[in-house]
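What follows is one structure encoded as structure tokens, with my remarks underneath.
Quick caveat: nothing in here was measured; it's all calculated off a predicted structure.
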Amino acid sequence: ISICRDLPNIEVITFSVNGISDLEPLHQCQNLSELYLRKNNIRSLDELFYLKALPRLRVLWLAENPCCGPDPHRYRMTVLRNLPSLQKLDNQAVTEEELSQALVDGVEITAPPSRSSEENGWSQSTASSAAGSTAGPESQLLSCSLEETDKTQEEFDMKPVPRDKYSTFSPQETDCSCKKRNNVLNAILLLMKELDAEGLEIIQQTVARRLQAFQKKELQEE
């Protein structure tokens with residue numbers, strides 16, 4: 001499917017039952033809105049990395065590929081977490097509830113697939129992403145002080161979060177939690193500068209769904 005590199009304006013692609021295993025050629029199809037890949041040889045969901053750059057993608061059919069794995073729920077949640085703009089996945093409409101749940105149950109894919117590490121439809125890099133989404137050594141976090149984060153927030157006309165927000169934690173937990181939060185926030189704010197209006201709209205929709213998920217969880221706990 002290397003020809004897709006020369007078709008940046010194509011809107012609908014049907015490649016079902018074609019033995020396709022690599023989606024890299026699709027990442028330049030910026031106008032792509034519908035993609036049909038049923039019954040191919042896509043072994044890793046890390047291939048979704050190449051579809052995350054497609055702002056107009058609304059319909060994806062990926063069923064009956066090895067990457068679907070043995071857990072249908074995990075598969076669907078992972079696809080929706082990485083492609084939150086989808087309106088239909090595998091011929092099934094995407095709901096707001098699913099998009100919210102995907103933020104909890106889905107695995108975020110942050111790197112392209114490693115061709116040599118694929119196994120049983122889930123590559124090692126996907127597994128690493130799953131592990132990293134719950135915990136990670138402090139040494140792997142971006143280095144960034146609270147002052148640097150506050151400076152970045154000021155550029156977006158945002159108020160810094162008060163330091164006493166973390167007062168309920170022990171001193172060690174406060175330092176770790178606060179540093180991790182500010183590292184992540186600073187990285188997000190810096191990346192937002194690179195987005196156009198359409199990209200920012202996607203971010204806005206994702207944030208709104210995330211907030212709804214948190215609010216629903218708080219209500220359930222009460």
Candidate pair Leu54 and Gln30, rule side-chain contact (heavy atoms from CB on, under 4.5 Å), full reasoning:
CA-CA 5 Å; Leu54 307 182; Gln30 292 294 298; 3.9 Å; yes
Look at the side chain of [X] and the backbone N and O of [Y], then say whether any donor-acceptor pair between them is shorter than 3.5 Å.
X: Asn40; Y: Leu37; value: yes
X: Glu47; Y: Leu23; value: yes
X: Ser100; Y: Ala213; value: no
X: Asn41; Y: Ile20; value: no
X: Asp46; Y: Ser44; value: no
X: Asn65; Y: Cys67; value: no
X: Arg74; Y: Cys68; value: no

Does [X] reach the side chain of [Y], with side-chain heavy atoms less than 4.5 Å apart?
X: Thr206; Y: Arg209; value: yes
X: Val59; Y: Leu86; value: no
X: Gln87; Y: Val94; value: no
X: Arg43; Y: Ser21; value: no

When you look at Leu26 and Tyr50, which way does the side-chain contact (heavy atoms from CB on, under 4.5 Å) test go after all the steps?
CA-CA 7 Å; Leu26 300 176; Tyr50 301 116; 5.7 Å; no
Hey, any chance [X] and [Y] share a hydrophobic cluster, counting ILVMFWY side chains that come within less than 4.5 Å of each other, even indirectly?
X: Ile42; Y: Leu35; answer: yes
X: Ile13; Y: Ile1; answer: yes
X: Leu51; Y: Ile3; answer: yes
X: Leu83; Y: Tyr75; answer: yes
X: Leu7; Y: Leu32; answer: yes

Output the distance between atom [atom1] ([X]) and atom [atom2] ([Y]), rounded to the nearest 0.5 Å.
X: Lys39; Y: Asn18; atom1: NZ; atom2: CG; result: 12.5 Å
X: Ser85; Y: Arg56; atom1: OG; atom2: CZ; result: 11.5 Å
X: Arg81; Y: Leu45; atom1: CZ; atom2: CG; result: 13.5 Å
X: Arg38; Y: Thr14; atom1: CZ; atom2: OG1; result: 10.5 Å
X: Asn82; Y: Ile109; atom1: CG; atom2: CD1; result: 4.0 Å

[X] and [Y]: which non-hydrogen atoms are nearest, and at how many Å?
X: Met77; Y: Ala102; answer: O-CB, 3.4 Å
X: His27; Y: Glu24; answer: ND1-O, 2.8 Å
X: Cys4; Y: Phe15; answer: SG-CE1, 3.7 Å
X: Leu80; Y: Glu98; answer: CD1-CB, 3.8 Å

Check step by step if side-chain contact (heavy atoms from CB on, under 4.5 Å) holds for Leu48 and Leu62.
CA-CA 10 Å; Leu48 295 174; Leu62 197 60; 4.2 Å; yes
Evaluation steps, side-chain hydrogen bond (donor to acceptor under 3.5 Å, both in side chains), between Asn91 and Tyr36:
CA-CA 10 Å; Asn91 205 33; Tyr36 300 92; over 6 Å; no
Lys52 atom NZ, over 12 foreign heavy atoms within 6.0 Å:
yes
Please walk me through it: do His73 and Asp105 pass side-chain contact (heavy atoms from CB on, under 4.5 Å)?
CA-CA 8 Å; His73 177 74; Asp105 295 345; 2.9 Å; yes
Looking at Lys88 and Glu34, does any basic side-chain N land under 4.0 Å from a carboxylate oxygen?
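Result for this pair is no, no salt bridge flagged.
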